[in-house]
Amino acid sequence: MSELRFVRMGFGVEAVEYQVAWDEQRRVHAARFADEVPDTVLLLEHPPVYTAGRRTADSERPLDGTPVVDVDRGGKITWHGPGQIVGYPIQKLPRPVDVVAHVRRLEDALIRTCAEFGLETTRVEGRSGVWVLGDPVDQRPALGGLSLDFDPRLQDEEFDPRLNGPEYAPSNAGQRREDRKIAAIGIRVAKGVTMHGFSFNVNPDNSWFDRIIPCGIRDAGVTSLAAELGRDLTIPGVLPVVERHLRDVLESAEPKPREVERAAV
């Protein structure tokens with residue numbers, strides 16, 4: 001791919017309101033489609049906000065009526081806020097666009113970032129994003145004094161962890177030694193140009209995720225780089241590493257059109 005342009009829109013006290021960033025995405029998207037600008041990655045931090053992708057179910061939204069911004073990306077509901085690096089790669093890809101390959105490249109850059117800080121992460125089959133794997137199921141502590149055989153999440157498809165105490169909270173998945181997501185990914189492709197992207201938890205207050213069903217997943221949770229490593233980490237200290245690995249992965253990639261199966265004649 002051609003050289004990437006990185007734009008640091010705002011962090012900390014200069015965090016960017018979600019609507020402002022969304023408007024800027026659309027502006028850059030139009031310019032990239034017209035070949036007026038190169039492939040561009042917007043990097044920023046948001047004030048606290050819940051955003052819901054197109055597949056979000058009503059039952060996954062905050063129970064207390066907290067406002068949610070409905071967006072045109074894939075995926076479900078998530079939270080953005082302080083302590084989280086958000087990246088919006090706006091890239092022109094060959095058509096028909098291989099969306100999965102694009103997601104895998106973003107995951108790869110963030111997996112490399114975690115590894116540089118000493119944290120092993122991976123992908124989980126059928127679930128996008130970057131994950132810290134938990135213990136095997138039979139080695140995890142019991143929930144609420146119940147054995148795993150009686151874990152209500154395994155028996156009740158409508159089980160809602162938000163109504164059943166902190167032992168089921170997404171932010172406590174590490175204590176339960178379950179799989180937990182450290183980076184979420186949700187994208188949209190229009191006219192062969194990507195929008196939206198990833199959110200990478202550096203040191204946020206993960207209890208914000210406890211008001212929702214993050215990404216619609218009820219049997220896993222969320223975590224952050226600081227929580228997993230047990231030490232203080234800051235956005236300024238992590239951002240250059242994220243940017244470097246994004247550049248390495250995305251600039252060295254040779255995207256190919258998605259293969260289309262042709263019907264037999």
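In this text, all values refer to a predicted model and were calculated from it rather than measured experimentally. We number each residue from 1, following the sequence as shown.
A distance of 7.0 Å separates OG1 of T56 from CG of D70, quoted to the nearest 0.5 Å. Note that the CZ atom of F200 and the CD1 atom of I235 stand 9.0 Å from one another [nearest 0.5 Å].
The shortest heavy-atom contact between M9 and A21 is CE-CA, 4.3 Å. For A52 against R61, the heavy-atom pair with the smallest separation is CB-NH2, 4.0 Å.
Put simply, the side chain of H102 never gets that close to the backbone of V189: no donor and acceptor are under 3.5 Å apart. With R73 contributing its side chain and T51 its backbone, the two residues share a donor-acceptor pair below 3.5 Å. No donor-acceptor pair closer than 3.5 Å links the side chain of N203 to the backbone N or O of A226. Judged by distance alone, the side chain of N172 and the main-chain N or O of Y168 form no donor-acceptor pair under 3.5 Å. Judged by distance alone, the side chain of R176 and the main-chain N or O of E167 form a donor-acceptor pair under 3.5 Å. In this structure a side-chain-to-backbone donor-acceptor pair under 3.5 Å is missing from H46 to G81. A donor-acceptor pair under 3.5 Å links the side-chain atoms of R177 to the main chain of Q139, judged by distance alone.
The side-chain hydrogen bond (donor to acceptor under 3.5 Å, both in side chains) test applied to H80 returns Q84, not counting sequence neighbours. In terms of the salt bridge (charged side-chain N to carboxylate O under 4.0 Å, His left out) criterion, R55 has no residue partners (sequence neighbours excluded). For S207, the side-chain hydrogen bond (donor to acceptor under 3.5 Å, both in side chains) test picks out D205, with sequence neighbours left out. By the side chain to side chain contact (heavy atoms under 4.5 Å, CB included) test, D64 pairs with P62, T66, R211, sequence neighbours left out. Take D98 and apply the salt bridge (charged side-chain N to carboxylate O under 4.0 Å, His left out) test, not counting sequence neighbours, and it matches no residue. Annotation: side-chain hydrogen bond (donor to acceptor under 3.5 Å, both in side chains) contacts of E116 (sequence neighbours excluded): R244, H245. Not counting sequence neighbours, the partners of Q19 by the side-chain hydrogen bond (donor to acceptor under 3.5 Å, both in side chains) test are D23. Partners of F33 according to the ring-ring contact (aromatic ring centres under 6.0 Å, His included) rule, which considers only residues two or more places apart in sequence or in another chain, do not exist here.
For the pair R54 and D72, the salt-bridge criterion is not met [side-chain N within less than 4.0 Å of a carboxylate O]. Salt bridge R112/D108: present, at least one basic N to carboxylate O contact under 4.0 Å.
Listed by first then second residue, pairs satisfying ring-ring contact (aromatic ring centres under 6.0 Å, His included) with a partner in residues 106-138 number zero, not counting sequence neighbours. Among residues at least two apart or in separate chains, salt bridge (Lys or Arg N to Asp or Glu O under 4.0 Å) pairs with a member in residues 215-240 are R127-D219, R180-E228.
In E120, the CD atom is not crowded: 12 or fewer heavy atoms of neighbouring residues, nucleotides or ligands sit closer than 6.0 Å.
Between R105 and P255, some side-chain heavy-atom pair lies under the 4.5 Å cut-off. Using a 4.5 Å heavy-atom cutoff, the side chains of T234 and L239 are not in contact.
By the 4.5 Å side-chain criterion applied to Ile, Leu, Val, Met, Phe, Trp and Tyr, V222 is assigned to a cluster that also includes Y50, V68, I77, W79, W208, F209, I212. When hydrophobic side chains of Ile, Leu, Val, Met, Phe, Trp and Tyr are connected at separations under 4.5 Å, L63 ends up clustered with L163.
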Does D39 form a salt bridge (Lys or Arg N to Asp or Glu O under 4.0 Å) with K92? I'd like the steps, not just the answer. CA-CA 7 Å; D39 288 339; K92 180 177 283 190; over 6 Å; no
